[in-house]
Amino acid sequence: MADGNALNPLVVFTPSGKRGRFPTGTPVLQAARDLGVDLDSVCGGRGICSRCQITPSYGDFSKHGVTAREGALSEWNAVEERYREKRGLKQGRRLGCQAKIEGDIVIDVPAESQVHKQVVRKDADDRVIELDPSTKLFYVEVREPDMHDPSSDMERLKEALAEQWNLPDLLGDLRIMQRLQPALREGKWRVTVAIHFGRIRARGRIVSVWPGLYEGTIYGAAFDIGSTTVACHLSDLRSGATVASSGLMNPQIRFGEDLMSRVSYSMMNPDGAAQMTEAVREAINALLGQVAAQAMISTEDIMECTFVGNPIMHHLLLGIDPVELGGAPFALAAGEGMVFWASEIGVTTTHPDARVYTLPCIAGHVGADAAAVILSEEPYKAEEMTLIVDVGTNAEIVLGNRHKLMACSSPTGPAFEGAQISCGQRAAPGAIERVRIDPDTREPRFRVIGCELWSDDPGFAAATADIGITGIAGSGIIEAIAEMRLADVIDIDGVVRGSLMETTDRVFAEGRTFSYLIHDGNQKIVVTQNDVRAIQLAKAALYAGCQLLMDEMGIESVDRITLAGAFGAHISPMHAMALGMIPDCDVENVRSAGNAAGTGARIALLNAGKRTEIERVVRDVEKIETALAPKFQDHFIGAMAIPHKTAPYPRLRKIARLPDTPPAPPPGTTGEGGRKRRRSRS
Ligand code: FES
């Protein structure tokens, strides 16, 4: 134990800075444990796992008040020598369980020897996830059976885990009992076990056993089940690294493009829900096979999975008929965070004893995907009022800060994803993703996915000869319509101005309405009046949902807006605002969070404490039901205008000139009052 005896050597650990005095002869691993320093060990100090590697430093460390001399640690011993010969040990490293303290010393714990490593997130920011997975490995030496002391192998395994790892009261399953005896005998009474700690303070459960010291690692897969795609990230649970990722179209699409059509399929067909459950589970098993092949590991090494998805995807995965989610009061069968055997939900391309965790759903229409976005973005830790919008066929909206969080969903429909748009298509090579329109000439220029050049750059035609120009992706249609408004091709009500036919042949009549031509080639790419209407309906629903939450929160503007979802990553913040999809905000405070739901699933995979955290946060989220809110309709009508009938958008006006609207209000005023709109010229 650390003590205050000034005669005992002083030990300072870096990077933690923890320090204490220990009697001569104390193993470094022991000193680390006493001080709560994060130093790994799977073998319990037996000198065989090498997880406890440390780097001693010698010299004068005035910063730490320590002068460390050669000889401050015991001599290199036979165990270390054997390890170095067999496996190799980096120059300057020692095994913390073998090296003993003999004098004042500074000891560095390298990142790979820390249990709770900080895993840097690869997404938009550099936030880190502390590694603390639910399933961990422990190596133990078990007493051999004795005629005079009759006890089962399982009893003696549990006794060893209690004594050697201070893990009393563990649970074991039939499958472990079936495999324990051969493992113990093959490993000469030494085994490695995987223990799953499903809940803080809950009893750990032995979920797997290997003979001897298991030198491999274990993996976990984080799934984001969207109505269109299913994405999977495979992580090493010992290092936290993402080692493979893959995605598939959600095969449930064959039963219905959007969520409601899948609920209807379930209502109309006696085994409809079961068919959709089977389809998504097949996709999950296929993805597990794909990521394991990419990482060149056995699927048997996958010990854990986490899942996020909207409530309908969540229920179908669990084999629950989502019919109750198809109408008010949208009752979830169960929404809390849950732990199962993977095999219980048909996920079998894993270790046979793998566990799964589903993040909690927030409400019958705001799912575990929204919970995962909250976990990834952590608005509940910030002072700033943040609006998070996960744009999809059903937008999920979260508003709040560390004092309060609210959530709702809004039925935007599939228009933002290019469906219901005459030239709409999924984001794929050849789809227009960026559009600019010259406000003077009304001439457009654009970019397509798969080519970095703009359409008016030299070489564009040659560069796109193979991929073609095939349609408009969701981000392209948002920019196209926002640009049409900024260039005054459409008026505030979204009407394509037919009078422009006199000055540009980009505008042409189609029946009783007018369309705008973006590209004339093998395929004509146009934006029709109906396209504008479809986007107006979608964006009005989204804006109305945001406004409803702002009303309930009692605020008139937000500090930050985060666009979540793969699609959100491609939306230009200025255009989203010019279209009136989102409320006014300083454009530099509008950012994309990329696939925040997938990141949330990965956080829950790598850190068990985060599961408890998000379950607590979700319990306190105030749920707002858009379908029941009378104001939703009023907000919707106002939001049909582009960008909005009455909202002044002062911050947008600082960076974009909106035609047919008054100039930006003087600083310090709200812009309300005295505001008149000139009549449209068309
Ligand atoms: Fe396993 Fe030191 S703790 S080698």
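All ligand and atom numbering here is 1-based and tracks the order in the structure.
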Ion pair check, [X] and [Y], cut-off under 4.0 Å:
| X | Y | value |
| --- | --- | --- |
| Glu613 | Lys610 | yes |
| Glu85 | Arg82 | no |
| Arg281 | Glu344 | no |
| Arg591 | Glu377 | yes |
| Glu215 | Arg87 | yes |

Show the atom names and distances, to 0.1 Å, of all donor-acceptor pairs under 3.5 Å that link a side chain in residues 182-189 to residues at least two apart or in another chain.
| residue | atom | partner | partner atom | Å |
| --- | --- | --- | --- | --- |
| Arg185 | NH1 | Asp153 | OD2 | 2.7 |
| Arg185 | NH1 | Gln181 | O | 3.2 |
| Arg185 | NH2 | Asp153 | OD2 | 3.0 |

Practice problem: Using a cut-off of 2.8 Å, find all protein N, O or S atoms closer to atom 2 (Fe) of ligand 1 than that distance. | Solution: Cys52 SG, Cys97 SG
